[in-house]
Amino acid sequence: MSLPFKVVLLAGTLCSTAASAHEFSSGAVVIDHPWARVTAASAPVAGAYLTVTNTGSEPDRLLGGSTPIASRIEIHQMTMDDGVARMRLLPDGAEIAPGATIELAPGGMHLMLIGPDRQLVEGDSFKATLEFARSGTIDIEFVIQRTALGGATGDGEHAGHKP
Amino acid sequence: MKGLRLFRLAVWAAVFVLGGFLLISMQFPESQVGRQTTASGTAKVGGPFSLLTPAGKRIDNQSLAGRPYIVFFGFTYCPDICPTTLFELTDLMADLGPDADSFEVLFVTVDPERDTPAALSSYMTSFDSRITALRGSATETENTLKSFSAYAKKVPLETGGYTMDHTAGVFLMRPDGGFTGMMDMHEPRETKLEKLRRLARMANTVQG
Ligand SMILES: [Cu+2]
């Protein structure tokens, strides 16, 4: 759990300039750096990630979303237990306490696009709408990256540059 | 002061013991890993299996004899860890260059029901062409999992459809089909590269 978290923190730092241009808000909710992982040819699903901050004084809840490029979006939780990876649906979505930030990041929570109508290619982007219990709907745009850092795969420190 | 000195002494003792251990494990990498595995109670890894490539070629532990290889389990309906592993292996193999020709890389689907040969062959075009997807019948898949002491289980999702719980690590196998260790995608890139280089060297040793 600690590594994906670290990666997100790093991504947050490195992308801080880009993030200002890649931030969406509605009501009390702020969405930062929504990105989706590149997919393999004809992959039947895609993983998408983002950070949500609740700037309000009431709890809110990410309920789900939709995108024109996939049949639907589900909220999933990954866990790794004794070397076994498990993915479960979060039927009630993800709660964001007042003032809190939640991270959807590799190895943890993700949005899963079911049945994308195209291969997700690095550098492309696509629109989506997220639905919140209190703040309503927010239109956002996912950028497509190879990793959380947007560079080559690998651990946080080395991603993005090759020896 | 006395406490501090004792502490230093303990640290140095630990350094010597650890250093000695590392030295031994570098000299006898295979046997050491094997012994550790048994000692920690981890089940035996390595055994017979037989699966098909998307093109219909049969690959089994016999046909791999004499070549080191890498095995990992996954499925194409996996959005997170499986594509990450495949993309990462692709990058690592690019870094290794011709060294990556010295071992086989096998991606075994735990979801033969949805991962048809056609689906797999299309999916694999996005990764290093030296990575081979393998698929078997339900029984063949089950037997392969058993041979690697790996786990996979079909789990229905409330929204319809299903997902697969599965062992996520990457198995590193010696030319004689014995297990030499795991590679975790969270390890530093250099560690992963060194593990793969070591695997490549095993191939060269066998040839020479
Ligand atoms: Cu998912």
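All chains are named by letter (A, B, ...) in the order of the sequence lines, taking the proteins before the strands, and each is independently numbered beginning at 1.
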Only pairs under 3.5 Å count here: list side-chain donor-acceptor contacts from residues 98-108 of chain B, not counting sequence neighbours, and write none if there are none.
| residue | atom | partner | partner atom | Å |
| --- | --- | --- | --- | --- |
| B:Asp101 | OD1 | B:Arg130 | NH1 | 2.8 |
| B:Ser102 | OG | B:Asp99 | O | 3.3 |
| B:Glu104 | OE2 | B:Arg67 | NE | 3.1 |
| B:Glu104 | OE2 | B:Arg67 | NH2 | 2.7 |

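- No donor-acceptor pair closer than 3.5 Å links the side chain of B:Asp165 to the backbone N or O of A:Arg86.
- Inter-residue side-chain proximity for A:Met87 and B:Ile81 is flagged as unmet; no heavy-atom pair is nearer than 4.5 Å.
- Of the atoms belonging to A:Ala85, heavy atoms from both backbone and side chain fall under 4.5 Å from chain B.
- For chain A, no part of B:Phe73 is nearby; none of its heavy atoms comes within less than 4.5 Å.
- The heavy-atom pair separating A:Ser42 from B:Ala119 by the smallest distance is OG-O, 4.3 Å.
- Per-residue heavy-atom pair counts under 4.5 Å with chain A were compared for B:Cys82, B:Cys78, B:Pro79, and the maximum is reached by B:Pro79.
- Of the residues considered (A:Arg88, A:Met112, A:Met80, A:Arg72), A:Arg88 shows the highest number of contacts with chain B, using heavy-atom pairs under 4.5 Å.
- Once rounded to the nearest 0.5 Å, the distance linking OG1 of B:Thr84 with CZ of A:Arg146 reads 10.5 Å.
- Expressed to the nearest 0.5 Å, how far CG of B:Asp80 lies from NE2 of A:His110 amounts to 6.0 Å.
- One distance of note links CG of A:Leu89 with OG1 of B:Thr163; it measures 10.5 Å at 0.5 Å rounding.
- Remark: A:Phe132 pairs with no residue by the ring pair (Phe, Tyr, Trp, His ring centres under 6.0 Å) rule, at least two apart or across chains.
- Proximity to chain A is limited to the backbone of B:Met164, based on heavy atoms less than 4.5 angstrom apart.
- With rounding to the nearest 0.5 Å, the separation of OH in B:Tyr77 from CD1 in A:Ile114 is 9.0 Å.
- Ranked by heavy-atom pairs under 4.5 Å with chain A, the list B:Val155, B:Thr125, B:Leu157, B:Leu86 is led by B:Val155.
- Counting heavy-atom pairs under 4.5 Å between each of B:Ser126, B:Ala150, B:Gly169, B:Gly161 and chain A puts B:Ser126 at the top.
- Considering every non-hydrogen atom in both B:Thr76 and A:Val45, the closest pair reads O-CG2, 3.9 Å.
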